Peer 1: 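What follows is a single structure, and I will ask about it in a moment.
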Amino acid sequence: MTVADEEPALLGLAPVAPDRTVAYGPHPDQLVDLYVPRTGGGAPAPGPLVVLLHGGFWRAAYDRRHLSPLAAELAGQGVPVALAEYRRVGAGGGAPQTFADVTAGIEAACAALAGASADPSPVLVGHSAGGHLALLAAARPDTLVTRVLAVSPVADLARAHALGLSDGAVGELLGAGPGFPERLAAADPARRPPAGIPVTILHGTDDPDVPLDLSRRYAARSPATTVLRELPGVGHYAPVTPGSPSCDVLVGLVCRPSST
């Protein structure tokens with residue numbers, strides 16, 4: 001699969017319906033879809049509890065459905081998954097609503113899947129803008145997650161803004177006007193190292209949407225807690241597309257981190 005083929009390959013997959021959905025607020029986007037592994041006798045699943053955050057440059061035009069095949073794939077590997085939605089730019093989101101929703105969504109996911117896994121340590125997995133949100137959550141001293149896997153993340157927000165990624169998506173997220181530099185600093189994972197939580201970043205060397213340099217810059221600032229795995233010849237979408245070799249790497253890191 002070429003880099004140009006990656007986006008249609010992912011978006012061409014049929015969405016997979018969750019086992020159930022729970023709300024964590026009154027807004028229609030404050031939802032978490034739950035994918036529960038099939039275990040005999042109702043025993044807890046052997047894999048860790050995973051909270052999954054989708055990307056789309058924080059915009060309402062992109063929702064969680066394109067990551068539902070990945071959620072189902074992980075559940076098929078014995079991993080309970082919560083695929084979280086959140087308010088996005090253009091539909092009640094942006095700073096600080098989007099950030100507050102991620103925190104609330106993680107809490108709701110952990111509560112909804114309590115007892116579903118034999119491993120009580122929740123793993124936060126985020127792709128693209130969702131990777132940014134996952135890295136930002138890792139910096140919270142009161143976070144519930146114990147490990148973060150960020151895939152093709154917008155890991156350096158200041159650099160992303162300087163590059164004008166996706167027609168100024170960072171500016172849309174944070175809002176223009178007085179106080180922008182302070183909002184940018186507060187929302188930039190590159191300026192907020194993880195709070196003692198191990199972080200793994202997967203990033204394709206040929207990513208045309210989020211340059212690999214952003215992940216390299218983040219990893220250089222947090223070398224004690226961050227492992228960057230570069231995927232040669234891979235673009236932006238293959239790592240979250242079930243069936244691709246780079247997605248197999250992601251699944252292995254989630255389910256078998258010590259052996260991958």
Side-chain angles (χ1 to χ4, degrees), residues 51-59 86 88-89 93-103 106 123-231 234-236 239-240 250 253:
V51 181
L52 188 57
L53 299 174
H54 73 86
F57 280 106
W58 311 281
R59 293 182 176 122
Y86 49 88
R88 303 173 307 289
V89 175
Q97 294 91 336
T98 296
F99 307 144
D101 278 3
V102 169
T103 300
I106 293 170
V123 178
L124 186 58
V125 180
H127 175 241
S128 194
H132 158 262
L133 296 171
L135 293 174
L136 199 59
R140 292 178 57 92
D142 58 346
T143 186
L144 296 176
V145 301
T146 56
R147 182 160 58 95
V148 167
L149 175 56
V151 186
S152 312
V154 187
D156 189 317
L157 213 59
R159 182 60 177 160
H161 181 60
L163 293 172
L165 292 189
S166 191
D167 297 321
V170 173
E172 292 179 5
L173 171 70
L174 300 178
F180 178 82
E182 291 77 16
R183 292 194 296 278
L184 178 61
D188 193 345
R191 304 191 204 184
R192 302 186 63 191
I197 297 171
V199 171
T200 300
I201 296 178
L202 284 182
H203 210 134
T205 60
D206 293 358
D207 190 330
D209 298 287
V210 179
L212 171 61
D213 178 62
L214 272 63
S215 288
R216 287 175 172 170
R217 292 164 68 97
Y218 176 92
R221 292 192 178 196
S222 304
T225 53
T226 304
V227 174
L228 170 60
R229 294 190 55 164
E230 299 183 9
L231 302 169
V234 172
H236 191 66
V240 293
L250 183 156
L253 286 169

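What you see is a predicted model; the values in this text were computed from it and never measured.
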Peer 1: Once rounded to the nearest 0.5 Å, what's the spacing between atom CG of L228 and atom OG of S222?
Peer 2: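 Answer for the CG-OG pair, L228 versus S222, is 12.0 Å.
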Peer 1: Could you verify whether a donor N or O on one side chain and an acceptor N or O on the other, from S166 and R59, lie under 3.5 Å apart?
Peer 2: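 Short answer, yes.
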Peer 1: Are any non-hydrogen side-chain atoms of D206 and V234 less than 4.5 angstrom apart?
Peer 2: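 Answer no - side chains too far apart.
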Peer 1: Are the side chains of L231 and T205 in touch, meaning some heavy atoms are under 4.5 Å apart?
Peer 2: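 A side-chain contact is absent here, since even the closest heavy-atom pair is not under 4.5 Å.
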Peer 1: Using a 4.5 Å cut-off on heavy atoms from C-beta on, say whether the side chain of P198 contacts that of T146.
Peer 2: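 Not in contact.
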Peer 1: How far does CG of D207 sit from CG of L212, to the nearest 0.5 angstrom?
Peer 2: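 It comes to 8.0 Å.
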Peer 1: Can you tell me how far CG of D209 sits from OG of S152, rounded to the nearest 0.5 angstrom?
Peer 2: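 S152 OG to D209 CG: 8.5 Å, rounded to 0.5 Å.
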Peer 1: Please report the closest heavy-atom contact between P194 and T225, naming both atoms and the distance.
Peer 2: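 Of all heavy-atom pairs spanning P194 and T225, the closest is CG-OG1, 3.1 Å.
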Peer 1: Could you check whether any side-chain N or O of R183 sits under 3.5 Å from a backbone N or O of P178, counting only pairs where one atom can act as donor and the other as acceptor?
Peer 2: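 Pair found, side chain donor or acceptor close to backbone of P178.
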Peer 1: Closest heavy-atom contact between A220 and P223?
Peer 2: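 Minimum heavy-atom separation between A220 and P223: O-CD, 3.5 Å.
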Peer 1: Examine distances only and state if a side-chain atom of Y86 and a backbone atom of H54 form a donor-acceptor pair shorter than 3.5 Å.
Peer 2: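 Yes: the side chain of Y86 pairs with the backbone of H54.
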Peer 1: Please round to the nearest 0.5 Å and tell me the distance separating atom CG of L124 and atom OG1 of T143.
Peer 2: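 L124 atom CG to T143 atom OG1 measures 7.0 Å (nearest 0.5 Å).
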Peer 1: Measure across L253 and R229 and return the closest heavy-atom pair with its distance rounded to 0.1 Å.
Peer 2: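 Scanning both residues completely, I find the closest heavy atoms to be CD2-NH1, 3.7 Å.
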Peer 1: Verify, without hydrogens or angle tests, whether H132 (side chain) and W58 (backbone) share a donor-acceptor contact under 3.5 angstrom.
Peer 2: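 No; zero donor-acceptor contacts below 3.5 Å.
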Peer 1: Minimum heavy-atom separation for G235 to P208, with atom names?
Peer 2: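 In terms of heavy atoms, the two residues are closest at CA-CD, 4.3 Å.
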Peer 1: Which heavy atom of V170 sits nearest to which heavy atom of A160, and what is that distance?
Peer 2: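 Closest approach of V170 to A160: CG2-CB, 4.0 Å.
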Peer 1: Distance from L163 atom CG to L214 atom CG, nearest 0.5 Å?
Peer 2: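 Those atoms lie 6.5 Å apart.
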Peer 1: H161 and F180: aromatic ring centres closer than 6.0 Å?
Peer 2: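 Yes, they do, as the ring centres are separated by less than 6.0 Å.
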Peer 1: With a 4.5 Å limit on heavy-atom distance, are the side chains of L202 and E230 in contact?
Peer 2: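 Of all side-chain heavy-atom pairs linking E230 with L202, none is under 4.5 Å.
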Peer 1: Evaluate the side-chain contact (heavy atoms from CB on, under 4.5 Å) criterion for residues L53 and V102: first the C-alpha distance (whole Å), next the side-chain angles of each, then the deciding distance (0.1 Å), finally the verdict.
Peer 2: CA-CA 8 Å; L53 299 174; V102 169; 4.0 Å; yes
Peer 1: Using atom types as modelled and distance alone, determine if a side-chain donor or acceptor of R88 lies under 3.5 Å from a backbone N or O of T98.
Peer 2: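 Such a contact is absent between R88 side chain and T98 backbone.
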Peer 1: V123 and V51: side-chain contact (heavy atoms from CB on, under 4.5 Å), yes or no, with the steps?
Peer 2: CA-CA 6 Å; V123 178; V51 181; over 6 Å; no
Peer 1: For the residue pair A186 and L136, what are the closest heavy atoms and their distance?
Peer 2: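 Heavy atoms of A186 and L136 come nearest at O-CD1, 3.9 Å.
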Peer 1: Is the CZ atom of R217 crowded by more than 12 outside heavy atoms at less than 6.0 Å?
Peer 2: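 Correct, the count exceeds 12.
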Peer 1: Any side-chain heavy atom of F57 sitting closer than 4.5 Å to one from L173?
Peer 2: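 Contact flag for F57/L173 side chains = no.
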Peer 1: Would you mind reporting whether V154 and L157 have side-chain heavy atoms less than 4.5 Å apart?
Peer 2: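 Sidechains of V154 and L157: in contact.
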Peer 1: For a 4.5 angstrom cut-off between non-hydrogen side-chain atoms, does V151 reach L250?
Peer 2: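 Contact flag for V151/L250 side chains = yes.
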Peer 1: Start with the C-alpha distance between R191 and D188, add both sets of side-chain angles, then the distance that settles salt bridge (charged side-chain N to carboxylate O under 4.0 Å, His left out), and finish with yes or no.
Peer 2: CA-CA 6 Å; R191 304 191 204 184; D188 193 345; 3.6 Å; yes
Peer 1: Taking the side chain as everything from C-beta on, heavy atoms only, tell me whether V210 gets closer than 4.5 Å to H203.
Peer 2: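 Yes, close enough: below the 4.5 Å cut-off.
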Peer 1: Could you please spell out the steps behind the side-chain contact (heavy atoms from CB on, under 4.5 Å) verdict for T103 and D101?
Peer 2: CA-CA 5 Å; T103 300; D101 278 3; over 6 Å; no
Peer 1: Please check if the side chain of R221 supplies one atom and the backbone of A190 the other of a donor-acceptor pair under 3.5 Å.
Peer 2: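 Yes.
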